[in-house]
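In what follows, chains carry the letters A, B, and so on, assigned in the order in which the sequence lines appear, proteins first and then strands, with residues in each chain numbered from 1.
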Amino acid sequence: MDKNVKYLTIERAKDDLKSRTLANFPGEFSQLIYLASTRDYNSGRYHHDGLAFQFGEEIAEAALASCHQEAFDKLVLSPLEELAQQLDLFVRLAGVPSVDLVALWKRLEPYRLAVPADTADLSVELFLSNIRTSLAILEAQLQMAQAG
Amino acid sequence: MTEAFFFLSVGLAFLGVLVFWAQRRQEPTAGGRSISKTQEILIAVQSGLPSRAVGERIFALQDWEFVLSQAAPPIRQRFLRERKAMALSWLWQIREGLRQLMLFHKRAVRGSIQLNPAVEVRLAVNFHLFLLVYNLLWLLIWLRGPFLARVVISHAGRFADQFAGLSGGVLADLDPRHLQRIKDDLLSRSVVA
């Protein structure tokens, strides 16, 4: 496939992914977690049945990887307050008690899996530090709400 | 005593002239060279420079104000410690990137008939001004944390940009095969080291 045609097809696949799938997730943090979940832990390759059916496996993989990186970059560069709000929204809508989720996330740090593979070390450090801080603030708020 | 004062004054005046010279606005294109060509060369030579946007986020006062208003002292301390480490790491990566570019530049222009001594002096002045700001910043971050040092960051960035722009402009005029040979040579040395 010609380089330009391939690029345009990937862009179309990304638009499709954003409008049909990602739009259903409340907030950018939820979208990031979803996109990371489409990546195989062992191979690092992305897969999405619907997208692969429509655009082919290679294009779907490239579109998912690109959207994942975009979502990550956006969150890593956003103010800490915004990230904390996004995390709060994710926790409240996750379907499990918020206190349990926050405690588990602090202990196991599953958010590390949300980092795209080719991210610069410093961006990874910044993201992880911001999540740790946001979780600590959220935990304190939840404890205060429980006590009050 | 008077003699020492005289030499000191001459030295300072010379330094002032060099700083003024190095600070003059850079031409966006030189000798018909396009900006994209210069950028292409810089990307090929120095891929290790950290993102400026990430740097701005690390030094963002807004984040610190949020933590101060929302978090308990232990969380604040940890946040500050982590941001300080990241700020120093970001600064070190810029210094390392420019040092590598300087090394590459010196190897590339050595023996070149296109060598322009005026440009080379400006490059050297820019590089040393950057090192001066870098050392000040390092000390400031280490002593007072990243959020007070953020004002000086733009100066370090400006000197780094000027240096990279000047060097990129010179390198863009050289034979790409010559540049590739030096790049391969430096790469193989770093692998051996």
Check your understanding: Under a 4.0 Å N-O cut-off, is there an ion pair linking A:Arg12 with A:Asp16?
Key -> no
Check your understanding: Counting N and O atoms only, with roles assigned by atom type, does the side chain of B:Trp90 sit under 3.5 Å from a partner on the main chain of B:Ser51, one being a donor and the other an acceptor?
Key -> yes
**Study point:** Proximal component of B:Ala60, with respect to chain A [non-hydrogen, under 4.5 Å]
**Key:** neither
Exercise for review: Could you look at A:Asp73 and say if it's the side chain, the backbone, both or neither that has a heavy atom under 4.5 Å from chain B?
Suggested key: neither
Review point. With respect to chain A, which residue among B:Met86, B:Gln62, B:Gln70 yields the maximal number of heavy-atom pairs within a distance under 4.5 Å?
Key: B:Met86
Check your understanding: Do other residues, nucleotides or ligands put more than 12 heavy atoms under 6.0 Å from the CG atom of A:Asp121?
Key -> no
Check your understanding: So, does A:Ser19 use its side chain to make a donor-acceptor pair with the main chain of A:Asp15 at under 3.5 Å?
Key -> yes
Study note, to complete from the structure: Nearest heavy-atom approach of A:His48 to A:Leu64 is CB-CD1, 3.5 Å
Point to revise | Interchain contact, B:Arg76 with chain A, by part (heavy-atom threshold 4.5 Å) | key: neither
**Study point:** Side chain / backbone / both / neither for A:Ala136 at chain B, heavy atoms under 4.5 Å
**Key:** both
Review point. Most heavy-atom pairs under 4.5 angstrom with chain B, which of A:Ser78, A:Ser123, A:Ala140?
Key: A:Ser78
Review point. Side chain, backbone, both or neither: which part of A:Ser134 has a non-hydrogen atom closer than 4.5 Å to chain B?
Key: neither
Study note, to complete from the structure: Note: A:Cys67 and A:Lys14 closest approach over all heavy atoms is SG-CG, 3.7 Å
